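All values derive from a computational prediction rather than experimental measurement. All values below were derived from every heavy atom in this structure, side-chain atoms included, with hydrogens, water molecules and symmetry-related copies excluded.
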Amino acid sequence: MLELNYLRENRDEAVERLSKRCNDSYPKLVDKAIDLDSKRRSLQVELDSLLAEQNLASKEIGNLMQSGNRDAAEGLKSRVATLKTKSQDLKQTQNDLEKELSDTLYQIPNAPNQAVPKGKSETDNEEIFTYGELPKLHANAVPHWELASKYNLIDFELGVKITGAGFPVYRGKGARLQRALITFFLDEANKAGYEEVIPPLVVNEASGYGTGQLPDKEGQMYYIKEDDFYLIPTSEVPLTNIYRDVILKEDEMPIKHTAYTPCFRREAGSYGKDVRGLNRLHQFDKVEIVQIAHPDQSYQILDKMIDHIKDLLEKLELPYRILRLCGGDLGFASAITYDFEVYSAAQDKWLEVSSVSNFETYQSNRLKCRFKNDEMKKTQLVHTLNGSALALPRILAAILENHQTEDGIQLPKILHDYTGFKTID
RNA sequence: GGAGAAGUGGCAGAGUGGUCGAAUGCACCGGUCUUGAAAACCGGCGUACCGCAAGGUACCGGGGGUUCGAAUCCCUCCUUCUCCGCCA
């Protein structure tokens, strides 16, 4: 969530930045939060002095008891009892205020960075970079789900039988290609200095709140009722939560982690178009990169993460474009997001394969992930960033579709050593 | 799953109702000494909120309760360890 200090001291700037999201309700929420906070603070002052008086009186009672002055002690006791009733009342009011304040803060998304274009929907996203020629396919080219079945790479129906729609079964060269891509992505991340992690695929409620999936995206996660656990929708959740309630040393940063994990998403409400084949699944594989960064460095780091992903896509010989998301399309917790889309030729579609974001202090504020600032001698919130590098299914779809020939699928050179085969035919 | 024990500052470890935000040791930071280092000695050394400051308030696994007063007593949840059972 946004920092109260920031809202208090830069109210107009916050409202201005939030306006990029094109939602009228935010200024009101900001003012409500500021108002609740100031009430809470003045209440705190009142409560503190009341408690100070109680504490003092209690010590005095102790002294009186020891010196055998019972009557005086009893007198003070009743005085304290009055104070206590009052302070308990105040405490209750304060708890209510705090609850209302945090509810309000949870409803305010991150304030977009200055570079984020104002806009309502994906049509307002800004294309900032393109790479590669759009491939010209042969006359009989088909979409990936047909290729998958033709070459026996993925069995969608079998997945329906075992589980349900959106849980494909990869097999044969399909499974091996998938594994090769995972290894390739992890190797590249390792080379770039990311420490590899194998995290839990199931997280508790606190972790869900830490990275901002809860409370707003509750319905998007699979939930295990008996244990109050959630299946991860992305490894961002366990990776970033490693640093929940942690105070780092300044020279430990930036911290860089990568992980391959399956990701689980209910995708409630997105049935219908765009769900064919690998385009949208309930379970999919992803390699993620995450950084915990010094606030002064996070935007440089964001650029490096972008370069890392560009490099992956270019090595895979896939045409792609980078979009800077407009305010309306920006994720709730993000200050700025770049989406990478590859061109999937047979569908004639751009498919999102990566999303790189700087969350600034929005997540770290919830996570309470801070560092000791050596100069200022203060603890300060870190910046968190993450990006997909990369999401597997759509990459697989694009590889199959773009590299198909009359005689089979020619794999990009970089993968040959990883797969052990060059073509699928 | 059954039985028992325990959770205190970065770590170790005291503290069983009052002056305890918490002894002590180690680690860490600053200083003295030294050509330099080590050792020794001196000082500092949790987080958050309010305050110009002095200072105040909260926090001893989480939550709740008893009491004028709780790290200390009670309830509950979580976690860890030991033993038994089960199992990859």
With a 4.0 Å cut-off, would you call [X] and [Y] a salt bridge?
X: A:Arg276; Y: A:Glu146; result: no
X: A:Asp339; Y: A:Arg324; result: no
X: A:Lys368; Y: A:Glu3; result: no

Return the nucleotide paired to [N]: Watson-Crick means purine N1 to pyrimidine N3 with N6-O4 or O6-N4, wobble means G-U with N1-O2 and O6-N3, both under 3.5 Å.
N: B:U82; result: B:A3
N: B:C20; result: none
N: B:G46; result: B:C59
N: B:A39; result: none
N: B:A54; result: none
N: B:U67; result: none
N: B:C87; result: none

Between [N] atom [atom2] and [X] atom [atom1], what is the distance in whole Å?
X: A:Leu76; N: B:U67; atom1: CG; atom2: P; answer: 18 Å
X: A:Asn63; N: B:C68; atom1: CG; atom2: P; answer: 17 Å
X: A:Asp48; N: B:A58; atom1: CG; atom2: P; answer: 7 Å
X: A:Asp227; N: B:C78; atom1: CG; atom2: P; answer: 11 Å
X: A:Lys368; N: B:C59; atom1: NZ; atom2: P; answer: 16 Å
X: A:Gln94; N: B:U57; atom1: CD; atom2: C1'; answer: 10 Å
X: A:Leu4; N: B:C50; atom1: CG; atom2: P; answer: 10 Å
X: A:Leu64; N: B:U19; atom1: CG; atom2: C1'; answer: 14 Å

Q | Criterion side-chain contact (heavy atoms from CB on, under 4.5 Å) on A:Thr211 and A:Thr234, from CA distance to verdict | A | CA-CA 11 Å; A:Thr211 30; A:Thr234 160; over 6 Å; no
Looking only at atom [atom1], what distance separates [N] and [M], rounded to whole Å?
N: B:A71; M: B:C77; atom1: P; result: 23 Å
N: B:C60; M: B:U16; atom1: C1'; result: 14 Å
N: B:A6; M: B:C75; atom1: P; result: 14 Å
N: B:U67; M: B:C50; atom1: C1'; result: 28 Å
N: B:G62; M: B:G55; atom1: P; result: 28 Å
N: B:G7; M: B:G18; atom1: C1'; result: 25 Å
N: B:G17; M: B:C73; atom1: P; result: 8 Å
N: B:U57; M: B:C20; atom1: P; result: 14 Å

Listed nucleotide nearest any side-chain atom of [X], set [options]:
X: A:Lys77; options: B:C68, B:C50, B:A48; answer: B:C68
X: A:Thr379; options: B:A48, B:G69, B:C50; answer: B:A48
X: A:Arg8; options: B:C68, B:C50, B:G69; answer: B:C50
X: A:Arg41; options: B:A48, B:C49, B:U67; answer: B:C49
X: A:Ser58; options: B:G18, B:G56, B:A58; answer: B:G18
X: A:Gln44; options: B:G69, B:U57, B:C68; answer: B:U57

Q. Is the cationic atom of A:Lys173 (NZ for Lys, CZ for Arg) positioned less than 6.0 Å from the six-membered ring centroid of A:Phe421 and within 45 degrees of its normal?
A. yes
Write down the protein N/O and nucleotide N/O pairs, taken from nucleotides 70-77 of chain B, whose separation is under 3.5 Å; answer none if there are no such pairs.
none

Is the ring pair [X]/[Y] parallel, tilted or perpendicular, if the boundaries are 30 and 60 degrees?
X: A:Tyr362; Y: A:Phe332; result: perpendicular
X: A:Tyr230; Y: A:Tyr223; result: tilted
X: A:His308; Y: A:Tyr194; result: tilted

(Q) Pick the closest RNA chain B nucleotide for A:Asn95 and for A:Gln54 by heavy atoms, then say which residue is nearer the 5' end. (A) A:Asn95
Q) With nearest nucleotides of RNA chain B determined for A:Asn55 and A:Ile247 from heavy-atom distances, which residue corresponds to the more 5′ nucleotide? A) A:Ile247
Q.
Suppose we call two aromatic rings close when their centres sit under 6.0 Å apart. Are A:Tyr243 and A:His257 close by that rule?
A. yes
Q: Verify the ring-centre separation between A:Phe371 and A:His294: is it less than 6.0 angstrom?
A: yes
Q) Within the structure, does a side-chain N or O atom of A:Arg40 lie under 4.0 Å from either OP1 or OP2 of B:C49? A) no
Determine the contact category for [X]: base if any of its heavy atoms lies under 4.0 Å from a base atom, sugar-phosphate if only primed atoms, P, OP1 or OP2 are that close, otherwise nothing.
X: A:Ala52; value: sugar-phosphate
X: A:Arg79; value: nothing
X: A:Leu51; value: sugar-phosphate

